[in-house]
Structure formats: structure tokens, C-alpha cells
Amino acid sequence: MKFVARARFIRFSPNKMRPLVNTLRGKSAKYAVDLLTTHAVLKSVPIRKMIKSAVDNAKSLHNISDDALFVKTIQVDRGPIINYFKPGAMGRSNPYRKRLCHMSVTLESREV
């Protein structure tokens with residue numbers, strides 16, 4: 001059984017989120033949530049919330065515990081880019097680009 005959760009318009013660059021997400025692929029859902037809870041980086045919060053949401057979907061829909069779930073797929077895609085300008089030296093304007101990302105996770109139950 002597959003359980004999906006998505007998080008959109010996250011205000012972190014996808015290039016900075018991918019290394020953290022790649023470490024969770026294939027791990028159990030409980031281990032992933034525990035690891036992200038103790039991780040001292042701010043970008044781990046939306047990933048933890050997304051995995052917790054998928055675990056809660058599994059509990060409410062099919063009464064499956066988080067011990068029986070593992071992260072089958074987790075991916076970070078590019079979202080929109082917010083372009084804005086700030087004043088620079090000698091009256092110029094400096095362009096800034098704030099990158100956003102979309103994330104999705106698929107949990108699957110281990111059949112014993």
C-alpha cells in the first residue's frame with residue numbers, strides 16, 4: 001500500500017534540500033522522523049512535517065503503524081523563483097533570486 005504526501009512552495013533552494021533528502025531514501029519512516037527531529041538544521045523541519053503527514057495518512061486510512069512503513073521515493077523538484085532587486089553600490093540595483101521547491105514522499109508498507 002502506498003501513501004503519498006506533498007509539500008509545495010517551500011522557501012529553501014532545491015539544491016540545498018536534495019543532499020538531506022537523499023540520505024532518507026530507503027530508510028524506515030520512524031527512523032527518518034527521529035533523525036530529522038534531532039537534526040539541527042532549519043531545512044529539516046518541512047521534510048519532517050511532510051514525512052509525518054504521510055505516516056499520519058497511513059495510520060488514519062489503514063491503521064498501519066510507522067514501524068511497518070519505509071520511504072520508497074522522496075524527491076525535491078524546482079518550484080518558482082522569486083526575483084527582486086535591492087539597491088547596490090553607486091546607485092545600481094542588485095538582482096536577487098529566491099528559489100522555492102516542491103517536495104513529495106511516497107511511503108510503502110513492508111510486507112512480512
Side-chain angles (χ1 to χ4, degrees):
M1 189 54 76
K2 293 181 182 180
F3 303 99
V4 179
R6 290 182 178 88
R8 299 183 67 208
F9 304 105
I10 304 299
R11 297 212 40 160
F12 291 101
S13 172
N15 294 333
K16 294 179 181 177
M17 297 288 273
R18 283 188 188 112
L20 182 58
V21 165
N22 289 338
T23 61
L24 302 174
R25 197 171 289 118
K27 305 282 194 299
S28 71
K30 185 175 181 179
Y31 174 80
V33 171
D34 291 342
L35 178 74
L36 292 171
T37 302
T38 60
H39 209 270
V41 178
L42 190 62
K43 64 185 174 183
S44 66
V45 174
I47 301 170
R48 180 177 48 85
K49 286 183 178 181
M50 181 181 61
I51 294 175
K52 187 106 174 83
S53 174
V55 169
D56 291 342
N57 288 342
K59 284 182 182 178
S60 66
L61 293 176
H62 293 283
N63 200 13
I64 297 175
S65 68
D66 54 352
D67 295 330
L69 296 170
F70 73 99
V71 179
K72 182 171 183 178
T73 61
I74 185 167
Q75 63 184 14
V76 178
D77 297 325
R78 194 181 77 179
I81 298 173
I82 300 171
N83 293 311
Y84 59 97
F85 297 91
K86 283 189 173 179
M90 298 167 61
R92 295 188 185 105
S93 62
N94 292 334
Y96 288 85
R97 302 180 76 185
K98 181 68 179 172
R99 290 170 171 84
L100 278 64
C101 66
H102 301 317
M103 299 184 300
S104 65
V105 63
T106 304
L107 299 181
E108 196 167 286
S109 61
R110 288 203 164 108
E111 299 298 330
V112 179

Aromatic plane relationship, Tyr84 with Tyr96 - under 30° parallel, 30 to 60° tilted, over 60° perpendicular: parallel
Side chains of Met50 and Ile74 in contact at under 4.5 Å (non-hydrogen atoms): yes
Residue pair Lys49, Ile47: steps toward the side-chain contact (heavy atoms from CB on, under 4.5 Å) verdict: CA-CA 5 Å; Lys49 286 183 178 181; Ile47 301 170; over 6 Å; no
Note, Met1 side chain near His62 side chain (heavy atom, < 4.5 Å): yes
Residues, nucleotides or ligands: over 12 heavy atoms within 6.0 Å of Lys52 NZ: no
Rounded distance (nearest 0.5 Å) linking atom CZ of Phe3 with atom OG of Ser60: 8.5 Å
Test log, rule side-chain contact (heavy atoms from CB on, under 4.5 Å), inputs Arg11 and Lys98: CA-CA 8 Å; Arg11 297 212 40 160; Lys98 181 68 179 172; 3.5 Å; yes
CZ (Arg78) with more than 12 external heavy atoms under 6.0 Å: no
Euclidean distance, Ile64 CD1 relative to Leu107 CG, rounded to 0.5 Å: 10.0 Å
Lys30, NZ atom: more than 12 neighbouring heavy atoms under 6.0 Å: no
Nearest-0.5 Å distance that lies between atom CD1 in Ile51 and atom CG in Asp66: 11.5 Å
Gap between atom NZ of Lys2 and atom OG1 of Thr106 - 0.5 Å precision: 7.0 Å
Cluster overlap Phe12 with Phe9, hydrophobic side-chain contacts below 4.5 Å: no
Any Ser44 side-chain heavy atom under 4.5 Å of Leu20 side chain: yes
Spacing of NZ belonging to Lys59 relative to OG belonging to Ser65, to within rounding of 0.5 Å: 7.5 Å
Point-to-point distance, once rounded to the nearest 0.5 Å, from NZ of Lys27 to CG of Asp34: 13.5 Å
Check: Met103 and Met17 side chains under 4.5 Å, non-hydrogen atoms: yes
